[in-house]
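In what follows, a structure is listed as structure tokens, so that the remarks can point back to it.
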Amino acid sequence: MRILLTGGTGYIGSHTAVELIKQGHEVEIVDNLRNSKASVLDRIEQIAGKKPKFYQADLLDTEKINQIFAETQFDLVIHFAGLKAVGESVEIPLEYYKNNIGGTISLLEAMRANNCKRIIFSSSATVYGIQESPEYVETMQTGPGISNPYGRTKYMIEEILKDFAVANPDFEVTILRYFNPVGAHPSGLIGDDPNGRPNNLMPIIMHVASGKIPYLSIFGDDYNTPDGTCIRDYIHVVDLAKGHVAAIKTLKPGVSIYNLGSGKGVSVKEMVAAFEKASGKPLPQQIAGRRAGDLDEFYANPAKAKAELDWQTELTIDDIMVDTLNYLKRENQQ
Ligand code: NAD
Ligand code: UDP
């Protein structure tokens with residue numbers, strides 16, 4: 001298939017590009033490089049043997065996006081592009097709504113105008129908001145209890161896609177709800193390399209390990225969990241990338257929704273212990289106050305993805321730490 005990845009030079013997009021090229025797909029990327037670097041394209045080539053064609057463009061630039069679709073007939077779009085920092089979304093909500101929702105509408109318009117009818121969208125477990133059970137299933141209601149504008153953009157885009165699919169019944173829409181993507185490609189050539197100050201647990205652990213931040217603040221150890229720290233479902237980014245390859249095979253008219261997670265919950269303290277085991281060194285850390293909006297525990301029920309996509313995670317938390325350290329070592333040598 002000829003596939004356009006929006007946001008394809010980013011963390012998850014670049015790993016997915018590698019897996020798609022390895023499976024023989026033609027991959028092209030559009031990204032405005034707001035949170036990624038063009039040098040990632042050479043890294044993709046080094047790993048997968050082929051450099052994706054690249055368009056530096058903003059999805060909000062409807063005319064330019066339309067032109068890209070008019071020039072090339074894509075079989076599928078995988079839509080990663082978006083702003084994703086929860087804290088920042090509270091500070092600049094309008095920019096988040098404009099970029100994530102506006103960008104998606106602009107993309108869908110260009111797709112419809114140019115007869116491209118398949119889309120896979122990067123959603124998030126955050127759309128589940130607050131549930132009674134920590135095990136999230138695709139059939140649960142989404143929306144209520146989402147604690148930040150970023151999460152609401154994901155929820156709203158899902159709703160837009162559902163409406164769009166009703167109005168355009170020949171469109172094939174797959175929504176993938178990621179749990180907590182972490183780790184790096186085992187080559188050490190690509191990984192999570194956000195521009196600016198990181199927000200998520202693993203990039204912060206990496207910054208602490210390389211001395212850019214003095215210590216990890218563990219946000220709360222008084223949660224209702226066995227060790228008091230929050231529990232999440234961490235998924236190796238290569239497993240996640242393979243989930244996209246699997247999702248392509250089952251695209252069908254209408255909207256299909258899948259959780260992509262391991263189904264296992266891991267606490268912050270367990271993540272830190274696994275990192276220390278892999279690095280052989282203690283990680284400087286302090287217990288800090290709770291972060292606003294954090295839930296004590298949630299993880300995926302991944303049964304639907306296993307049954308319908310024939311996909312499940314294969315890599316462990318130890319693999320995640322080894323690959324993260326390998327990436328960190330290479331980055332620090334640059
Ligand atoms: P990322 O920031 O590394 O990649 C996103 C890319 O989109 C970046 O390269 C950025 O420059 C680009 N981009 C943003 N707005 C754009 C626009 N208007 N036009 C063109 N390019 C634009 O993020 P990621 O971690 O790879 O996440 C990819 C997708 O997965 C995002 O939609 C994110 O919300 C979603 N997601 C990520 C996580 C996670 O923890 N990483 C979890 C759940 C969902
Ligand atoms: N976390 C932490 N210190 C940090 C960053 C994150 O203790 O500096 C915790 C956070 O409270 C959450 C877990 O690590 O319980 C994962 O946080 P992240 O932001 O990576 O993912 P999300 O909260 O979106 O699931």
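This is a predicted model, so every value here is computed, not measured.
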| Distance only, no hydrogens: is a donor on one side chain within 3.5 Å (strictly under) of an acceptor on the other, for D239 and T313? | no

Determine whether the side chains of Y97 and T153 contain a donor N or O and an acceptor N or O closer than 3.5 Å. no

Q: Return yes when atom NZ of K162 has more than 12 non-hydrogen atoms of other residues, nucleotides or ligands closer than 6.0 Å, and no otherwise.
A: yes

- Query: Crowded around Q73 CD? As in, over 12 foreign heavy atoms under 6.0 Å?
  - Reply: yes

All heavy atoms of Y327 vs all of A184, minimum pair found to be CB-CB, 3.6 Å

*Can you check whether Y11 reaches F80 side chain to side chain, under 4.5 Å on heavy atoms?*
no

All heavy atoms of P52 vs all of I21, minimum pair found to be CG-CD1, 4.1 Å

query: Are Y258 and E308 linked by a side-chain donor-acceptor pair shorter than 3.5 Å?
result: yes

Would you indicate whether the side-chain heavy atoms of P198 and H207 approach each other to under 4.5 Å?
-> yes

Closest non-hydrogen contact found for S217 with A288 is CB-CB, 3.8 Å

* **Close side-chain approach of V237 to V182, heavy-atom, < 4.5 Å** => no

Query raised in the report: For E95 and R34, what are the C-alpha separation, side-chain angles and deciding distance, and is it a salt bridge (charged side-chain N to carboxylate O under 4.0 Å, His left out)?
Result: CA-CA 13 Å; E95 199 165 333; R34 173 161 174 166; 2.6 Å; yes

Checklist entry - Would the number of heavy atoms belonging to other residues, nucleotides or ligands and lying under 6.0 Å from CG of D170 be above 12? => result yes

> Once the angle between the rings of F179 and Y136 is folded into 0 to 90°, is it parallel (under 30°), tilted (30 to 60°) or perpendicular (over 60°)?
Replying inline: tilted

### Query
So, N301 and N259: side-chain donor and acceptor under 3.5 Å apart, yes or no?
no

Does any donor atom in the side chain of E158 or S123 lie under 3.5 Å from an acceptor atom in the other side chain? yes

Can D227 and T229 be counted as having a side-chain donor-acceptor contact under 3.5 angstrom? yes

Between V127 and I175, is there a side-chain heavy-atom distance shorter than 4.5 Å? no

key: Pair Y128-R177, side-chain donor/acceptor within less than 3.5 Å   = yes

Practice task
Answer whether the closest heavy-atom distance between the side chains of Y223 and I231 falls below 4.5 Å.
Solution key: no

The side chain to side chain contact (heavy atoms under 4.5 Å, CB included) partners of M321 (sequence neighbours excluded) come to M202, M271, A274, F275, A278, I317

Practice problem: Using a strict 4.0 Å threshold on nitrogen-to-oxygen distance, state whether D222 and R290 make a salt bridge. | Solution: yes

- Message: Please determine whether a side-chain nitrogen of the Lys or Arg among K306 and E314 lies less than 4.0 Å from a carboxylate oxygen of the Asp or Glu.
- Response: no

Across all chains, not counting sequence neighbours, the side chain to side chain contact (heavy atoms under 4.5 Å, CB included) partners of D42 are E45, K51

For V86, the other hydrophobic cluster members (4.5 Å side-chain criterion, sorted by chain and number) are L83, I92, Y96, Y150

Query raised in the report: Side chains of R118 and M1: does their closest heavy-atom pair fall under 4.5 Å?
Result: yes

Practice item. Begin from the C-alpha positions of D296 and T225 and carry the test side chain to side chain donor-acceptor pair (under 3.5 Å) through to its verdict. Key: CA-CA 7 Å; D296 54 358; T225 61; over 6 Å; no

Heavy-atom nearest pair, A110 first then I65, reads CB-CG2, 3.8 Å

Q.
Please tell me whether H185 and D323 have a donor and an acceptor in their side chains that are separated by less than 3.5 angstrom.
A. no

Check your understanding: Step by step, would you call H79 with T104 a side chain to side chain donor-acceptor pair (under 3.5 Å)?
Key -> CA-CA 8 Å; H79 179 30; T104 303; 2.9 Å; yes

_If you define the side chain from C-beta out and look only at heavy atoms, does anything of L251 sit under 4.5 Å from I120?_
yes

On a heavy-atom basis, the closest approach of S210 and L328 is OG-CD1, 4.2 Å

Counting heavy atoms not belonging to K264, are there more than 12 under 6.0 Å from its NZ?
-> no

**Prompt:** Going by heavy atoms in the side chains, are Y299 and P134 under 4.5 Å from each other?
**Reply:** yes

